[in-house]
Amino acid sequence: MLDINTNKGFITEFYGTQEIAADFALLKEHIGNEKCLMALARLQQCMGMDTADDKRASCRSITLEIKKVPVPSKCARGTKMKYGVELTVGGRTTSIYLRSTHATMIFVCTLLRHKAGQRLYRGEMLKGVEAPAAAWFKGVYNFMFPYAGMRFEKWFAQLQKGDGHNLSQGKCNCNAMLKAELPQHVAELCELVKVNGKCGAYYKVGIDAQNIIVPEELLRVVGQHNLTCAA
């Protein structure tokens, strides 16, 4: 009889722990794939954890809303409201402020394009203010940061320095914040992924487009521009 406590590796993929783990390949070799999957489901049930199907169902229930969230402030009031995102999973809500302008812009712009069935190409954010997409980015920027001390044109130029180093750093910072605030399987669905497509690299998220909620005012702003979304 196999001792699951001495065969490490398998549950780590699901739960990030090796405290109780079984080697999936070894189990499959001994008892077959179907019985192995049944054993996994039974083990998860005994451990009081969600099954893989439960996790997929939970992921489908994720909603992500672009909205103002409370941010700690040094002033006497304690908090102030700034644009970020609010995620709801299984009735539990988590508000996330992404802190940096770069992280917020790349994430929100990716969500907006995904919501519209379009792609956010990396190259679009590395072109000058005269580029067709720049007006779209400016509309998003001015909506998200209406009282910013830096004008859009200066910020956009700053984003492009060092062959897009700030853009890459913004993506990394965004994903780090999501991973710090969300369960692993939820963060993995929401995090920014760079894909090398035929027309250039673009960013994507795994959450269903229909589950992304955008303020009506922001929809009106981005709807003023007819984009071809070329890299």
Return the CD1 to CG distance between I96 and L64, rounded to the nearest 0.5 Å.
8.0 Å
Taken to the nearest 0.5 Å, the spacing of E65 CD from L111 CG works out to 12.0 Å
Shortest non-hydrogen contact from V205 toward C190
CG1-O, 3.4 Å
Quick one: closest heavy-atom pair of A201 and N196, and the distance?
CB-OD1, 3.6 Å
With heavy-atom distances below 4.5 Å as the criterion, would you say the side chains of [X] and [Y] are in contact?
{"X": "L120", "Y": "C109", "answer": "yes"}
{"X": "Y202", "Y": "T110", "answer": "no"}
{"X": "I106", "Y": "L167", "answer": "yes"}
{"X": "T88", "Y": "I62", "answer": "no"}
{"X": "E191", "Y": "C174", "answer": "no"}
{"X": "T63", "Y": "L87", "answer": "no"}
{"X": "I66", "Y": "M144", "answer": "yes"}

Could you give all pairs that pass the salt bridge (charged side-chain N to carboxylate O under 4.0 Å, His left out) test and reach residues 92-109, with sequence neighbours left out?
none
Please answer: with hydrophobic residues joined when any side-chain heavy atoms are less than 4.5 Å apart, are [X] and [Y] in the same cluster?
{"X": "L218", "Y": "F145", "answer": "yes"}
{"X": "L189", "Y": "V214", "answer": "yes"}
{"X": "V129", "Y": "M105", "answer": "yes"}

Presence of salt bridge, R113 and E124, under 4.0 angstrom
yes
From R122, K171, K194, residue fulfilling side chain to side chain donor-acceptor pair (under 3.5 Å) relative to Y203:
R122
Which pairs of donor and acceptor atoms, one on a side chain in residues 148-161, lie under 3.5 Å apart (sequence neighbours left out)?
residue, atom, partner, partner atom, Å
E153, OE2, K138, NZ, 3.0
W155, NE1, H102, ND1, 3.0
Q160, NE2, K127, O, 2.5
Q160, NE2, F156, O, 3.2

Would you please classify the geometry between the F143 ring and the Y83 ring as parallel, tilted or perpendicular, with 30° and 60° separating the classes?
tilted
Taking ILVMFWY side chains as joined if any heavy atoms are under 4.5 angstrom apart, and letting links pass through other members, which residues group with Y97?
V69, V71
Please check this pair: side chain of N173 against backbone of A103, looking for a donor-acceptor N/O pair closer than 3.5 Å.
no
